[in-house]
There are 2 protein chains.
Amino acid sequence: MKKTRYVILGLLRDGSLTGYEIKKCIEVRMSFFWQESFGQIYPELNALLNDGFVTETADERKDNSRRKKKYAITAEGLSEFNRWMGEKNEKDTIRSESLLKLFLATDANARDIVDQLNEMKKQNEEKLLLFAFYSKQLSEYADLHENHKYIHEVLSLGIRQCELYSSWSDSLLQRLKDGHLR
Amino acid sequence: MKKTRYVILGLLRDGSLTGYEIKKCIEVRMSFFWQESFGQIYPELNALLNDGFVTETADERKDNSRRKKKYAITAEGLSEFNRWMGEKNEKDTIRSESLLKLFLATDANARDIVDQLNEMKKQNEEKLLLFAFYSKQLSEYADLHENHKYIHEVLSLGIRQCELYSSWSDSLLQRLKDGHLR
DNA sequence: TTCTCCATGTAATACGTTACATGATTGT
DNA sequence: ACAATCATGTAACGTATTACATGGAGAA
């Protein structure tokens, strides 16, 4: 089942946002465990409006041209969000082409594997920088996250996962270079 | 882009398999980073046959009734697999409803969060048992994995990831119970 | 002026799961 | 005899990405 609406509702609890802002928010803060595209967000906002879970405030200067629309959550929206919170989750899924390649690799692919591992290490180190930035940003809004104790915990899990991946790939690279992999 | 064919080709390098066996194999050994369903595998096997990347040996007793079909990789299939190995990967994606919920939770959701965390801990501990089983199974076929050095490494990463998630949820639960979460 | 980012939206397409249909084999 | 698992396949459905169309605002 599609979860787009719940992410949107969840984010709107802290104040109204435009569709664009919602997208950015998911991208910057949640990309380590969630993703949504414009093609899902905009239609879903209209569906939510239709269901009475959000209200829309259009920036109505000009006339016809499309302008900024801010969405706010309604009481019904909030209770729908809380209902979802108590529902059973579907299984987590991970799709990692890098791990797939490593898993399937033989000695014939040794050269490619080194490239894969380097790329993996690089990507995780970049993600760590992003996390650090976001983490710092968070602590500047102490009041807001007063109400969101778990964000830090999830973030800290993300960081530790990145560290795991990055150190794992690094150690594998080392052992491959030194030629004593097993 | 769809990757189903490469998983199939990758697995077939160690000997012919039926579609059913391929499915089981992915399920048991790769579920921590990859998944495929019958609805992808069977049509893809026919596509691969059509492209000359695999050959089919049907178990042709009886006549009309559908029977076991073993697939083997061809030289062209092998080179197609090796080509893919050198290609750039698409970004890894994770979809975790549990982390999404935790990320979005406030104090209002405290009760639900405890359930989520317990479920998360349980699932990761179960996965660890599966990993242990598979790991043991692997060491019994030393000859086969001689050629697949990286399987162990990927497995070990999977184990450490599960341990991370399980100990993270456990520690969060502890702190929630003791009431000193920040 | 041109580029980038903000901003909204739709349509086409691709991807993936689930349910269904069918039947053989193996173990209890 | 029955259930579980092995085994193959398709059709329907739902979900998600991508490309496209459109245009404003601010910066270089």
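Order of the sequence lines sets the chain letters (A, B, ...), proteins ahead of strands, with each chain counted from 1.
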Q | Glu21(A) side-chain N/O to Lys70(A) backbone N/O, donor-acceptor pair under 3.5 Å | A | no

Q: Return the value, rounded to whole Å, for the distance between atom CZ of Arg5(A) and atom P of dG14(D).
A: 15 Å

Q: Give the rounded distance in Å between these two atoms: NZ of Lys91(A) and C1' of dG16(C).
A: 14 Å

Q. Is Tyr42(B) near enough to dT8(D) that one of its side-chain N or O atoms lies under 4.0 angstrom from OP1 or OP2?
A. yes

Q: Tell me what Thr18(B) touches on the nucleic acid: a base, only sugar-phosphate, or nothing, going by heavy atoms under 4.0 Å.
A: sugar-phosphate

Q. Can you find a side chain N or O atom of Arg95(B) that sits less than 4.0 Å from OP1 or OP2 on dT15(D)?
A. no

Q. Choosing from dG9(D), dT15(D), dT17(D), which nucleotide comes nearest the side chain of Met1(A)?
A. dT15(D)

Q. For dG9(D), does either OP1 or OP2 sit under 4.0 Å from a side-chain N or O belonging to Lys69(B)?
A. yes

Q) Do the rings of Tyr20(A) and Phe38(A) sit parallel, tilted or perpendicular, given the 30° and 60° boundaries? A) parallel

Q. Could you give the CG-to-P distance, from Asn46(A) to dA11(C), as a whole number of Å?
A. 13 Å

**Q.** Carboxylate-amine/guanidinium proximity below 4.0 Å for Lys101(B) and Glu97(B)
**A.** yes

Q. Nearest to the side chain of Ser37(B), which nucleotide is it out of dT10(D), dT18(C), dG9(C)?
A. dT18(C)

**Q.** Residue Thr4(A), side-chain heavy atoms: nucleotide from dT8(D), dA16(D), dG24(D) that is nearest
**A.** dA16(D)

(Q) Expressed as a whole number of angstroms, how long is the span from Lys23(A):NZ to dA16(D):C1'? (A) 12 Å

Q: Decide yes or no on side-chain hydrogen bond (donor to acceptor under 3.5 Å, both in side chains) for Arg175(A) and Ser171(A), but give the supporting numbers first.
A: CA-CA 6 Å; Arg175(A) 279 176 292 152; Ser171(A) 125; 3.0 Å; yes

Q | Atom-pair distance (CD1 on Ile41(A); C1' on dT18(D)), nearest Å | A | 15 Å

Q: Look at Gln40(B) and dT17(C) and indicate whether a side-chain polar atom (N or O) is within less than 4.0 Å of OP1 or OP2.
A: yes

Q. From the list dT10(D), dT18(C), dT8(C), which nucleotide is the closest neighbour of the side chain of Tyr20(A)?
A. dT8(C)

Q.
Can you work out whether Thr93(B) or Phe38(B) has the more 5'-proximal nearest nucleotide on DNA chain D?
A. Phe38(B)

Q: Please state how far atom CD in Glu56(B) lies from atom P in dA7(D), giving the value in whole angstrom units.
A: 15 Å

Q.
Is Lys2(B) close enough to dC15(C) that one of its side-chain N or O atoms is under 4.0 Å from OP1 or OP2 there?
A. no

Q. Can you check the Glu44(B) CD to dA14(C) P distance for me, whole Å?
A. 14 Å

Q: Between Glu21(B) and Gln35(A), just flag the one whose closest nucleotide in DNA chain D comes earlier from the 5' side.
A: Glu21(B)

Q | Spacing of Arg67(A) atom CZ relative to dG23(D) atom P, expressed in whole Å | A | 13 Å

Q: Flag the pair Lys3(B) / Glu90(B) as yes when at least one side-chain heavy-atom distance between them is below 4.5 Å, and no otherwise.
A: yes

